Protein chains: 2
Amino acid sequence: MAIEHAILVSLLEQPGSGYELARRFERSIGYFWTATHQQIYRALKRMETDGWVDVREVPQRGRPDKKEYSVADLGRAALTSWLHDPIEPESVRHDLAVKIRGAAFDDPSALIREVDRHRQAHTDRLARYLAGEERDFADRTDGGPYGPAHAERELQHAVLRGGIAYERMMIAWLDDVLATLHRFRPER
Amino acid sequence: MAIEHAILVSLLEQPGSGYELARRFERSIGYFWTATHQQIYRALKRMETDGWVDVREVPQRGRPDKKEYSVADLGRAALTSWLHDPIEPESVRHDLAVKIRGAAFDDPSALIREVDRHRQAHTDRLARYLAGEERDFADRTDGGPYGPAHAERELQHAVLRGGIAYERMMIAWLDDVLATLHRFRPER
DNA sequence: CTTGCTTATGCAACAAGTTGCATAGCAAGA
DNA sequence: TCTTGCTATGCAACTTGTTGCATAAGCAAG
């Protein structure tokens with residue numbers, strides 16, 4: 001998987017500039033795929049060279065012009081081909097878990113503040129996801145028509161439900177970790 | 001966070017060679033932090049240069065000699081200092097989620113096989129985690145003494161519980177995704 | 001006695017991701 | 001007017017991570 005595919009999906013959902021993409025990667029897409037503006041601008045340049053995207057200069061009032069990108073046929077073909085390729089189940093990378101195991105060789109209770117901070121971050125994210133769900137998917141149209149636009153919405157919702165499940169799981173686990181760490185507090 | 005810290009924790013739990021570390025990164029530590037043998041050998045070389053680890057040539061019968069690494073004082077200090085530094089709540093990277101949203105622009109039901117494969121992979125991992133828990137943490141010593149070795153075990157268990165919770169969450173979510181994708185199957 | 005597997009270590013090249021910096025227009029407020 | 005902040009794009013340098021290959025010893029199977 002490369003960042004290109006995430007960009008293609010995002011541009012198919014809605015054409016936009018590198019800057020707009022960068023902001024989507026801070027929310028929405030960014031919930032499961034992070035990228036900096038640097039990665040995005042470089043990838044867009046490559047994709048333009050390869051004919052995956054079309055560019056259109058859009059003059060704006062009150063702010064600099066932007067280059068609006070949209071997916072070209074070649075890009076769409078590249079996405080389709082990637083969609084049909086199997087991918088490896090992802091490998092996680094949880095610094096916090098390393099810290100927790102490392103805490104055994106330091107003062108375990110010193111980690112409580114840190115774990116608390118992470119718990120707070122996940123609580124905040126959960127709240128944002130739930131607000132987004134309320135905003136975008138509140139109406140119960142689950143018996144409605146199954147056209148292409150409907151698929152887009154339904155699948156976005158399914159991914160969002162994944163984010164919600166993930167955050168809930170993390171909060172519960174961090175509570176478990178906190179309880180464990182508290183058992184190692186020095187007795188007074 | 002750098003791979004160095006994961007290596008330090010692993011070596012504190014048990015000194016070993018680069019090769020042994022590489023295998024631990026395929027299980028145990030690897031459940032939440034992946035690394036190839038190349039990364040590990042390079043990191044060990046750096047860490048040796050920086051005085052973070054000590055090396056000992058261990059001759060072996062029936063197989064090539066190995067270099068057994070163990071954590072030096074400087075390495076321990078580096079770990080402690082890292083443990084006391086706050087880290088950013090991790091950013092996820094789920095290729096599958098990109099694919100699911102991308103499926104709206106292709107045939108959504110074509111993704112069923114892929115999601116099924118991932119579900120199977122997570123089921124397998126869950127089984128391995130549960131077997132490991134049974135093997136290593138079966139005896140209920142949760143009221144026992146709270147010495148340093150006890151902390152190591154307890155914290156390893158807490159991390160493993162996180163892995164278990166994660167896999168359970170993923171399986172449930174993938175079932176949800178599958179149900180969604182099935183709704184888009186073309187009617188016969 | 002050759003082929004393939006496991007242990008054990010490593011180089012070199014390449015691809016991907018991060019960080020710092022630069023530019024530039026415009027708006028709002030001190 | 002000067003600073004701060006937002007939109008908008010980008011270069012250069014650096015750090016990480018991946019992939020392919022190489023070596024070398026011993027073991028087991030055919």
Side-chain angles (χ1 to χ4, degrees), chain A residues 1-8 10-11 15-27 29-30 32-50 53 55-69 82 87-88 90-95 98, chain B residues 1-7 10-11 15-27 29-30 32-50 53 55-69 82 87-95 98:
Chain A
M1 164 81 189
I3 190 173
E4 278 83 356
H5 301 117
I7 290 177
L8 286 173
S10 193
L11 288 181
S17 68
Y19 187 82
E20 280 162 356
L21 282 169
R23 286 199 303 169
R24 286 185 218 167
F25 275 86
E26 283 164 14
R27 33 167 241 89
I29 295 273
F32 50 89
W33 190 278
T34 47
T36 62
H37 78 276
Q38 267 314 312
Q39 282 176 269
I40 293 164
Y41 283 122
R42 267 191 300 180
L44 283 172
K45 187 154 282 180
R46 268 198 305 274
M47 294 164 81
E48 195 191 333
T49 307
D50 296 347
V53 290
V55 205
R56 197 168 62 95
E57 289 270 346
V58 179
Q60 296 186 112
R61 272 159 307 163
R63 57 184 67 173
D65 295 356
K66 67 174 178 179
K67 295 186 189 173
E68 196 184 71
Y69 292 89
W82 174 70
I87 49 171
E88 287 297 297
E90 91 301 350
S91 41
V92 220
R93 191 153 286 193
H94 284 298
D95 334 33
V98 178
Chain B
M1 163 81 188
I3 190 176
E4 279 82 356
H5 300 117
I7 290 177
S10 193
L11 288 180
S17 69
Y19 187 81
E20 281 162 355
L21 282 169
R23 287 200 302 167
R24 287 184 218 167
F25 275 87
E26 282 164 15
R27 33 166 241 88
I29 294 275
F32 50 88
W33 189 277
T34 48
T36 63
H37 78 276
Q38 266 315 312
Q39 281 176 269
I40 292 164
Y41 283 121
R42 266 193 302 180
L44 282 172
K45 187 155 282 179
R46 268 198 305 274
M47 292 163 82
E48 196 191 332
T49 307
D50 296 348
V53 290
V55 205
R56 198 168 62 95
E57 289 271 345
V58 178
Q60 296 186 114
R61 272 158 307 165
R63 58 183 64 174
D65 296 356
K66 67 174 180 179
K67 295 187 190 170
E68 197 184 71
Y69 291 88
W82 174 69
I87 50 173
E88 285 298 294
E90 93 300 353
S91 40
V92 218
R93 190 154 288 194
H94 285 296
D95 333 34
V98 178

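Throughout, protein chains are lettered first and strands after them, A, B, ... in sequence-line order, and every chain is numbered starting at 1. Keep in mind it's a predicted model, so treat the numbers as computed, not measured.
Spacing between atom CD1 of B/I3 and atom C1' of D/dT18 amounts to 12 Å, rounded to whole angstrom units. With rounding to whole Å, B/L44 atom CG is found 12 Å from C/dC11 atom P. Between A/E57 atom CD and D/dT9 atom C1' there is a gap of 11 Å when expressed in whole angstrom units. The nearest whole Å value for the distance from the CZ atom in B/F25 to the P atom in D/dT18 is 12 Å. One atom, OH of A/Y69, and another, C1' of D/dG10, lie 11 Å apart when rounded to the nearest Å.
Taking the side chain as every heavy atom from C-beta outward, B/L21 and B/L44 approach each other to under 4.5 Å. In this structure the side chain of B/V92 never reaches within 4.5 angstrom of the side chain of A/E90, judged on heavy atoms.
Listed pair B/R23 / C/dT7 meets the phosphate criterion, a side-chain N or O lying under 4.0 Å from OP1 or OP2. Phosphate contact (OP1/OP2 of C/dT7, side-chain N/O of B/Y19, threshold under 4.0 Å): present. Within the structure, a side-chain polar atom (N or O) of B/Y41 is placed less than 4.0 Å from OP1 or OP2 of C/dT9. For C/dT9, neither phosphate oxygen OP1 nor OP2 lies less than 4.0 angstrom from any side-chain nitrogen or oxygen of B/K45.
Contacts of A/R46 with the nucleic acid, taken as non-hydrogen atoms under 4.0 Å apart, are absent.
Pairing each heavy atom of A/G16 with each of A/L11, the nearest pair is N-CD2, 3.6 Å. When all heavy atoms are compared, the tightest approach of A/W33 to B/H94 is CE3-N, 4.3 Å.
Ion pairing of B/E48 with B/K67 is absent here, as no side-chain N (NZ or NE/NH1/NH2) approaches a carboxylate O to less than 4.0 Å.
Residues passing the side-chain hydrogen bond (donor to acceptor under 3.5 Å, both in side chains) test with B/S17: none are found, sequence neighbours excluded. Partners of A/R46 according to the salt bridge (Lys or Arg N to Asp or Glu O under 4.0 Å) rule, which considers only residues two or more places apart in sequence or in another chain, are A/E4.
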Dump every N/O contact between nucleotides 22-24 of chain D and the protein below 3.5 Å, one line per pair.
none

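Here the nucleotide nearest the side chain of B/Q38, chosen from D/dG17, C/dC11, D/dA13, is C/dC11. Comparing D/dT7, C/dA8, D/dT18 by their closest approach to the side chain of B/Q39 singles out D/dT18. Of the candidate nucleotides C/dT18, D/dT9, D/dG17, D/dT9 has the atom lying nearest to any side-chain atom of A/S17.
Remark on DNA chain C: of its neighbouring residues B/R42 and B/R93, the 5'-side contact belongs to B/R42, judged by nearest-heavy-atom nucleotide. Positionally, the nearest nucleotide of DNA chain D for A/D65 lies more toward the 5' end than for the other of B/T34 and A/D65.
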